[in-house]
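Data block below; observations after.
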Amino acid sequence: MQNHWLRELHRLAWLLAASAALGLASGYPLLFLLLGLALYSGWMLWQLRRIHDWLKADQAGEPPHGHGIWGYVFDRIYRLQKDQQSIREKLEADVEYLHASFTSLSDAVVMINRHGMIDWCNPAAVRFLGLRLPVDLRQPIVNLLRDPRFVDYFEQGHFADPVIISAPIDQERTLSVHITRFGQGNYLLFARDISEILRLEQMRKDFVSNVSHELRTPLTVLAGYIDNFSLFADRNPAMKKPLEQMAQNARRMENLLRDLLELSRLETLSNETHKSQVNLQQLLAMIAEDARASLVAGESRTISVDCDGPVNIFGHATELHSALSNLVVNACKYTHDGGRIDVRCWQDDKGVHVAVIDDGIGIDPLEIPRLTERFYRSDRSRSINTGGTGLGLAIVKRILQRHEAELEITSALGKGSRFICHFPLHRAVGAGTIQQLVQQ
Ligand code: ADP
């Protein structure tokens with residue numbers, strides 16, 4: 001550019017010098033200088049006209065040929081135009097690609113702008129959500145998806161988990177709707193039809209519940225006969241061991257059916273629990289007492305209960321008893337003779353917490369995420385044959401879910417385990433007072 005500019009200045013200087021020389025020779029230097037300048041300006045105007053005509057054409061083709069700085073300007077503009085064109089083509093191809101992939105998705109996709117208006121949606125959104133194109137574009141999403149669960153979800157803006165709603169066009173179908181944010185406050189809504197998954201899940205629950213129920217009566221009859229026959233085992237020592245094993249396995253199956261039925265019952269209940277007041281201090285003292293009483297003769301554990309006063313929460317007393325005693329019984333089962341179990345309960349600005357801490361066999365940290373799965377038992381616990389069903393922690397998790405609580409598990413092999421139940425603050429009786437204190 002610098003070169004072109006200097007050359008242009010040279011050209012002007014030569015023209016003016018030539019005009020001045022001709023002017024001096026003819027005796028009219030000023031007139032010739034003016035003529036030279038007029039010639040230069042005319043040439044400039046002509047070049048401007050060429051560039052104007054070229055840019056004005058709808059399909060600007062090759063640039064006009066130009067000398068000096070004008071040639072450079074034509075080339076630069078032409079190159080910039082080409083670059084812009086290829087960027088635009090690339091963007092159009094990307095948009096087309098995304099458009100085609102969203103269009104072909106079987107899940108509904110809706111793009112919503114930061115004001116909550118619909119910008120775009122795919123054909124699946126028309127099918128599942130009943131959106132109409134183009135009429136519903138630029139309409140607020142909450143005016144079209146009016147399910148109160150969705151409206152709350154959208155307005156609260158907590159999009160970590162999906163929300164489950166009935167399909168607006170068919171109340172029999174259930175949709176899982178998940179929103180994510182993108183760009184400058186825009187939203188991307190995904191909706192998936194989960195009716196079939198829910199139906200299969202319900203079938204599984206019904207099957208487990210029916211089978212458990214049907215097996216209970218025959219098993220009670222068999223266990224009764226086994227107990228009766230055991231009374232005569234002394235007369236026939238060869239039968240003693242098989243009868244003992246039969247009785248033990250019958251008990252295991254009874255426990256299994258009991259736990260399966262309990263889990264099925266809990267799964268059919270909604271997440272709402274009764275809100276009666278439960279005194280955790282009393283409940284934990286009772287559970288510890290029962291655990292001490294149920295220890296195998298000759299074995300001992302030190303079980304201590306330490307509560308920050310009479311902590312009360314709103315919940316279902318029987319269910320809380322079942323969950324917390326499961327944790328204390330596990331702590332006894334997976335702790336060696338003479339081991340120590342500390343049960344603690346306290347309240348702080350986050351909520352109410354109950355911890356069951358033991359110095360037992362511990363759990364491999366890799367296994368911790370799977371412990372609350374149904375029938376999951378660690379290899380070590382299988383090998384020490386506790387007679388467990390592998391359903392206890394699944395029951396604990398479900399009960400805690402019904403109390404909006406979470407289970408935190410930390411453990412180290414050979415050192416012991418710590419199971420902490422975290423209940424939200426609003427479950428604490430008198431939480432209002434505590435919240436006020438915290439805010440002050
Ligand atoms: P189980 O009836 O086998 O005890 P749970 O669901 O109650 O079934 O527990 C699942 C598994 O978690 C157990 O098999 C055991 O491996 C492990 N576990 C639970 N509590 C403890 C504990 N306090 N210490 C060590 N392992 C534990």
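We count ligands from 1, going down the list as the structure has it; atoms in each ligand are counted the same way. Only a predicted model underlies this, so the values are computations on that prediction, with no experimental measurement involved.
- Annotation: Asn326 places no N or O atom under 3.5 Å from an N or O atom of ligand 1; distance criterion only.
- At a heavy-atom distance under 4.0 Å, only side-chain atoms of Asp358, from C-beta outward, approach ligand 1.
- The Ser417 neighbourhood of ligand 1 comprises atoms 22 (C), 24 (N), 25 (C), with distances under 4.0 Å to a heavy atom of that residue.
- Side-chain polar atoms of Gln248 and Arg251 form no donor-acceptor pair below 3.5 angstrom.
- Only the side chain of Lys333 comes within 4.0 Å of ligand 1, counting heavy atoms alone; its backbone N, CA, C and O stay farther away.
- Both the backbone and the side chain of Leu393 come within contact range of ligand 1, each with a heavy atom under 4.0 Å.
- At a cut-off of 3.5 Å, with distance as the only test, a side-chain donor of Thr389 or Asp259 sits close to an acceptor on the other residue.
- Each of the following atoms of ligand 1 lies closer than 4.0 Å to a heavy atom of Ile363: 25 (C), 26 (N), 27 (C).
- Listed by atom number, the atoms of ligand 1 under 4.0 Å from Gly390 heavy atoms are 1 (P), 2 (O), 3 (O), 6 (O), 8 (O).
- Against a heavy-atom cut-off of under 4.0 Å, Tyr376 is close to the following atoms of ligand 1: 10 (C), 11 (C).
- Using modelled atom types and a 3.5 Å distance limit, the side chains of Asn210 and Glu214 yield no donor-acceptor pair.
- Using a 4.5 Å heavy-atom cutoff, the side chains of Phe190 and Ile179 are not in contact.
- Heavy-atom contacts of Gly392 reach the following atoms of ligand 1: 5 (P), 6 (O), 7 (O) (cutoff under 4.0 Å).
- Salt-bridge check for Arg199 with Glu196: passed, with a basic side-chain N closer than 4.0 Å to an acidic carboxylate O.
- Using a 4.5 Å heavy-atom threshold, the side chains of His316 and His403 count as touching.
- No hydrogens or angles considered: nothing links the side chains of Glu408 and His353 as a donor-acceptor pair under 3.5 Å.
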